[in-house]
Structure formats: structure tokens, C-alpha cells
Amino acid sequence: MASDPKSEIERILTEGVKKLSSEPIEFHVELEKPRRAEHGDYSSSAALQLAKILAMPPRKIAENLQKLTAESIANSGLSEPLELAGAGFLNIRLKKSIKQKTVARILEQGGKYGHATVPGAEKVMVEFVSANPTGPLHVGHGRQAALGDALAALLEAQGHAVTREFYYNDAGAQIQNLALSVQARASGMTPEDSGWPADGYRGEYIEEIARSFAAAGGKAGDLEAARQFAVAALRKEQDADLQAFGVAFDVYYLESSLYTDGRVESAVKALVASGKTYERDGALWLRTTEYGDDKDRVVRKSDGSYTYFVPDVAYHLTKWERGFRKVVNVQGTDHHSTVTRVRAGLQALGLGIPPGYPDYVLHNLVKVVRGGEEVKISKRAGSYVTLRDLIDWVGRDAVRFFLVSRRADADFVFDVDLARSQSDENPVYYVQYAHARVCSVFSQWGGDTGGLAAAPLDSLAGPRESALLQRLAEFPELVATAAHELAPHSIAFYLRELAGEFHSYYNAERILVDDEAARRARLALCAAVRQVLANGLALLGVSAPERM
RNA sequence: GCGCCCGUAGCUCAGCGGAUCAGAGUAUUGGCCUCCGAAGCCAAGGGUCGUGGGUUCGAAUCCCGCCGGGCGCGCCA
């Protein structure tokens with residue numbers, strides 16, 4: 001089929017609209033999904049939208065459109081005759097055979113169902129987590145890991161060549177603080193002592209690092225050695241956490257390399273050459289206000305060192321130079337001010353980098369509640385819930401599903417007690433259970449699933465079966481929308497709905513009925529449900545167990 | 001003070017450039033296993049969609065004000 005039923009009907013209606021008036025009308029019909037099943041599979045509010053343009057009552061327009069398209073609709077074989085409803089809606093009811101074909105399509109495409117190759121598929125980078133190697137990964141990083149990995153998977157599902165990148169800020173003042181903290185611990189100090197570094201990290205993990213540093217023969221006086229040891233130890237720790245979380249990166253980019261490669265220097269030179277800089281108070285400034293920033297930014301401090309702004313620009317420049325024309329940065333909203341700055345810096349280079357480059361997905365910080373009280377996430381205070389804690393408590397799948405189940409910019413309260421004590425209530429089990437249930441039916445049946453793609457499907461006509469068919473048919477479009485809007489949470493909600501409809505069906509109808517044709521049709525439907533559940537869960541990085 | 005984000009059922013959250021949009025889960029209450037897995041299903045109660053205006057045939061959704069919460073506002077990163 002050249003195009004799916006929905007697009008084809010949209011095309012027919014759009015053609016019909018052109019015939020409504022002798023005047024040319026620029027209007028593209030887009031079908032909507034009605035909330036109520038009795039309103040059909042799709043509906044169009046085109047008549048209401050056109051009422052003003054045509055100066056006609058919407059119901060009259062709908063009636064005309066219905067007549068004008070009747071023949072094309074009939075010839076297409078896709079839909080029953082359009083129904084006029086309400087204030088001027090046209091409801092579309094797909095022919096049963098068309099809906100039933102969804103099952104065969106899913107079984108043929110298997111793991112590829114829901115995947116596509118959009119026009120203009122390209123090299124895309126998703127940068128996420130990018131935690132400083134100054135402490136273990138916490139819940140916020142977990143949200144970012146779940147979100148970023150799902151985004152990457154969604155973009156891959158649209159045919160893009162995706163690179164997952166982790167940027168290590170291993171060269172700034174925070175690292176210096178880390179080194180000083182380890183050094184202080186190594187020489188026997190505690191955060192309570194008067195000589196403790198002003199911005200030192202107070203967590204107990206510093207003590208552990210200091211101990212192994214000493215055990216490895218490190219001397220407290222050697223700051224550089226302490227720095228290297230601490231960074232290596234924490235990177236190793238973070239890598240282990242990410243592995244436990246099932247998130248893998250293609251590239252780890254080190255901030256320090258920007259200095260050793262001379263990219264920081266050349267970025268400064270390029271900015272100066274652009275003519276957008278000026279000297280004031282002994283410092284070098286960039287006119288970022290010309291690119292929407294609320295104040296100009298310092299590039300080189302009066303003491304001769306660079307602000308973090310420079311490596312940031314240099315780093316994002318490498319993304320452009322490495323050929324990524326689409327880049328998505330996943331960050332916490334506490335970094336939202338860097339968005340304008342980075343973009344301004346890139347534009348100031350005068351290389352033709354578009355104003356909106358790169359894309360950002362900013363997520364709200366996770367509020368962790370334990371014992372009815374908020375647990376402050378503070379590395380320096382050393383008291384916070386680590387990603388590893390969460391995984392240990394409720395399991396990787398539950399954490400990933402939960403963390404990606406909310407809109408990125410929504411507030412997020414993670415109740416630790418709830419997650420620990422009632423892990424059975426976690427929505428991921430509901431979805432996984434549906435998958436396991438299908439598997440169970442198949443092992444009960446014991447037949448060969450291979451031939452089900454060719455099973456006759458015309459018996460799938462009940463209301464629950466129709467609902468499932470409709471839901472299954474939506475999946476590819478849903479994935480495309482989620483990828484386009486960078487909104488993986490919609491996948492999680494979809495899976496819950498699909499699982500719910502399957503559970504209802506399963507409770508209401510028997511799958512393994514005596515009648516052979518009906519049994520094969522139902523099994524085919526179940527196989528399709530299982531496939532889509534598995535495909536959706538895969539996008540979220542969650543396993544689809546055959547048994548629970 | 002300025003900027004960005006968020007206020008939807010007791011709780012956690014979907015729905016967000018309109019219409020067929022008052023929703024899900026959870027919690028509470030009452031039903032369903034001699035029958036493919038009860039981590040399930042069915043049903044009930046529960047909200048002036050923070051608030052006041054505006055635009056429109058129509059606003060949870062768009063615009064403005066206000067209130068409340070979060071995060072930013074450094075020659076820190």
C-alpha cells in the first residue's frame with residue numbers, strides 16, 4: 001500500500017474541499033481521533049474550520065463535502081460512507097477488513113512495526129546525563145538517562161543515525177573542589193573541621209575514594225594525583241550505574257580534551273575574529289545581547305582564564321563540525337539559562353549555524369520524598385538518593401518506565417517509600433504482565449506462531465477486538481509524533497492503554513476457543529498485541545518478559 | 001525586581017495552539033477465579049481544570065493581569 005488508510009482518506013477529503021467553492025481554497029484536511037468509539041475511527045472537523053472562510057453553516061459544508069467525496073470514498077474501499085454528526089463533523093468508519101489487515105501487517109513487520117524512515121533522515125546526536133565526575137549519579141541523572149535514551153531510540157525508529165554522547169566536565173573548578181576534598185579526607189580531615197575546603201564535597205563517598213587513594217599509594221600532598229584518582233574512580237562508578245540502568249553511550253567527550261586539542265583557544269580566536277567581542281574592565285566580553293541574551297557574557301576573565309562559556313561553545317562547535325545538523329541536549333531546567341548563551345555563542349562565530357541550534361529538552365528536577373519529607377539532592381551535603389539505590393529497590397525496568405512516564409517539563413515527585421513498598425503497583429508491571437499473559441496463552445496453545453500472519457481475520461468484529469485493532473493501528477503514527485515532539489512519555493501512556501484494552505479483552509473473551517478459524521484469528525490478534533507491546537517497551541529500554 | 005517552567009479528582013499525573021475533552025492510575029467502597037496467569041477484570045463515589053478578565057460559534061487548551069510553587073539571574077560550572 002502506497003499510503004496508510006488515514007492519509008489516503010485525508011487526501012480524498014482535501015480534494016473534496018477544493019470543489020466546495022469556485023474560489024481556490026488552501027486547506028489540508030487532517031483527521032482526528034474521536035474519543036468515543038461510536039464516533040468512528042477518525043473524524044474531521046474540516047467543515048467547522050471552513051465555516052468562516054466559506055461563510056456557510058458548518059453542517060451544510062459537511063453535507064456538501066460528504067456528497068462530493070462519496071464516490072471517491074466508495075472507490076477507495078477503505079471506509080464505510082462518511083457520517084454527518086453534531087455541529088458538522090464527518091465521522092469515518094473504516095471497513096472491517098481494512099482494520100483487520102493491521103494484524104497481518106504487524107506480524108509481517110515484527111520488530112520493525114512502528115519504525116519508519118522519515119524524509120530527511122540524518123545524523124543526529126542526543127547528548128544526555130553528562131554528569132560531572134564529582135559524585136555518584138542521582139535520581140535526576142536517572143531521569144535524564146531514561147529520557148535521553150528513549151529519545152535516542154525514538155529518533156532511531158524514524159530512520160536517523162543517532163549518536164548517544166556523554167560530555168564529561170572534567171576540567172573545571174568543580175573538579176578542583178573534588179580533588180581538594182579528597183586531599184582533605186586523605187589527610188584525615190572531616191567536613192566539620194575548620195580547615196575543610198570552602199566548596200568541598202561532604203559526602204561519604206569522598207572518604208571512600210580517599211581511602212582507596214591512600215591504599216593505592218597516593219600521597220595526600222599530591223593534588224594532581226588525587227584529582228586523577230578521584231575522577232577515574234567516579235567515572236568507573238558512573239559507568240557501572242549506567243550499565244546497570246541499561247544505558248550505553250557511543251561517545252564520551254572529555255572537556256579537558258578541548259583544552260589539550262587547542263579548541264578552546266581557537267574558539268576564542270574565532271569569536272574575536274567575528275568582531276563581536278570587546279574589552280572592558282580588563283576582561284574580554286562577547287555581545288551575546290545581539291542574539292537574544294539579556295546581558296553580554298565574559299569570555300576571558302581579567303585574570304586571563306576563560307569562563308565555562310568558552311569550552312561550552314567550543315564543545316558545541318565540535319558537534320556541528322562532526323556533521324550533526326540535528327542535536328538534542330537533555331538537561332535539567334536549572335541549566336535553562338545556558339540555552340540562549342550557547343546558541344548565541346555559536347551564532348557569533350558566523351559559521352551559519354542556525355539560531356535554534358541545538359535543540360534542548362529541559363526536564364524539571366525530580367523531587368524525592370521519603371518518609372513524607374523531601375530529600376534534598378545535594379552533592380555537597382552528601383545526602384541524596386542515588387540511581388543505584390533506586391535500581392536496587394524497585395528494579396531497572398520499573399525505574400526506567402517510571403522516570404520516562406512523565407512529560408519532561410512536568411514536576412516530578414518520586415516517593416521512595418511508595419516505590420519500595422508497593423512496587424507491584426508500578427505501571428510497568430501492568431504492561432509487562434500483558435506481554436507475559438500473551439506468551440502464556442501461546443505456550444498453552446503450543447502451535448506454530450509462524451503461520452498466524454496468514455490467518456483469516458474476518459471474525460475479529462467484537463467491540464473489544466475493534467478497539468484493539470484501532471489501538472494497534474495507531475502505533476506508527478504515535479511513535480512518529482513522539483519522536484517529532486521529543487516526548488517519549490506518550491509511549492508509556494500508550495502502552496498502558498494498550499495493555500488495559502488487552503486485559504479487558506482477555507477477561508471478557510476466551511482466546512483458545514474450539515472453532516479453528518476464530519481461534520487462529522484471536523491468536524493472531526494476541527500475537528500482534530504482544531509484538532507492539534514489545535516494540536514499545538524496547539523504545540523505552542524496558543524488557544518484555546515472557547514470564548513474571 | 002527580571003526571565004523561563006509548572007498549578008487538572010485525597011495523592012501521582014495525562015490531555016495543551018479550540019469542537020466529539022472532564023480523563024488514567026492510585027486510594028476508598030462493592031462485585032468476579034471448579035474455565036487461556038486475579039501482578040488481572042467489572043462497577044460506584046470523587047474535580048467550577050489556581051483565579052479574574054479577553055478573543056471565538058466554541059477555551060483545561062490561545063492572550064493579558066493576579067495568586068501559589070519550582071528553577072535561573074556571577075569575571076562560579
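Just so we're on the same page: letters track the sequence lines, and every chain starts at 1.
Contacts between residues 401-414 of chain A and RNA chain B, counted as heavy-atom distances below 4.0 Å, involve A:R406, A:R407, A:D409, A:A410, A:D411, A:F412, A:V413.
Remark: RNA chain B takes part in the stems B:1-7 with B:67-73, B:10-13 with B:23-26, B:28-32 with B:40-44, B:50-54 with B:62-66, each of 3 or more antiparallel Watson-Crick or G-U pairs, criterion distances under 3.5 Å.
Nucleic acid contact for A:R464: none, since no nucleic acid atom lies under 4.0 Å from a heavy atom of the residue. Counting non-hydrogen atoms under 4.0 angstrom, A:E509 reaches a base of the nucleic acid. Within 4.0 Å of A:S504, counting heavy atoms only, lie sugar-phosphate atoms of the nucleic acid but no base atom. Contacts of A:R547 with the nucleic acid, taken as non-hydrogen atoms under 4.0 Å apart, include base atoms.
Ring planes of A:F493 and A:H489: perpendicular class, angle over 60° (limits at 30 and 60°).
Salt bridge status for A:D294 with A:R297: present, with a side-chain N to carboxylate O gap under 4.0 Å.
Ranking B:C71, B:C76, B:G40 by closeness to the A:A173 side chain, first place goes to B:C76. Set against B:A39, B:G25, B:A77, the side chain of A:R496 has B:G25 as its closest nucleotide.
Checked options A:E516, A:R510, A:E509; the residue passing with A:V513 is A:R510 (criterion: side chain to side chain contact (heavy atoms under 4.5 Å, CB included)).
Side chains of A:Q49 and A:S45: a donor-acceptor N/O pair is present below 3.5 angstrom, by distance only.
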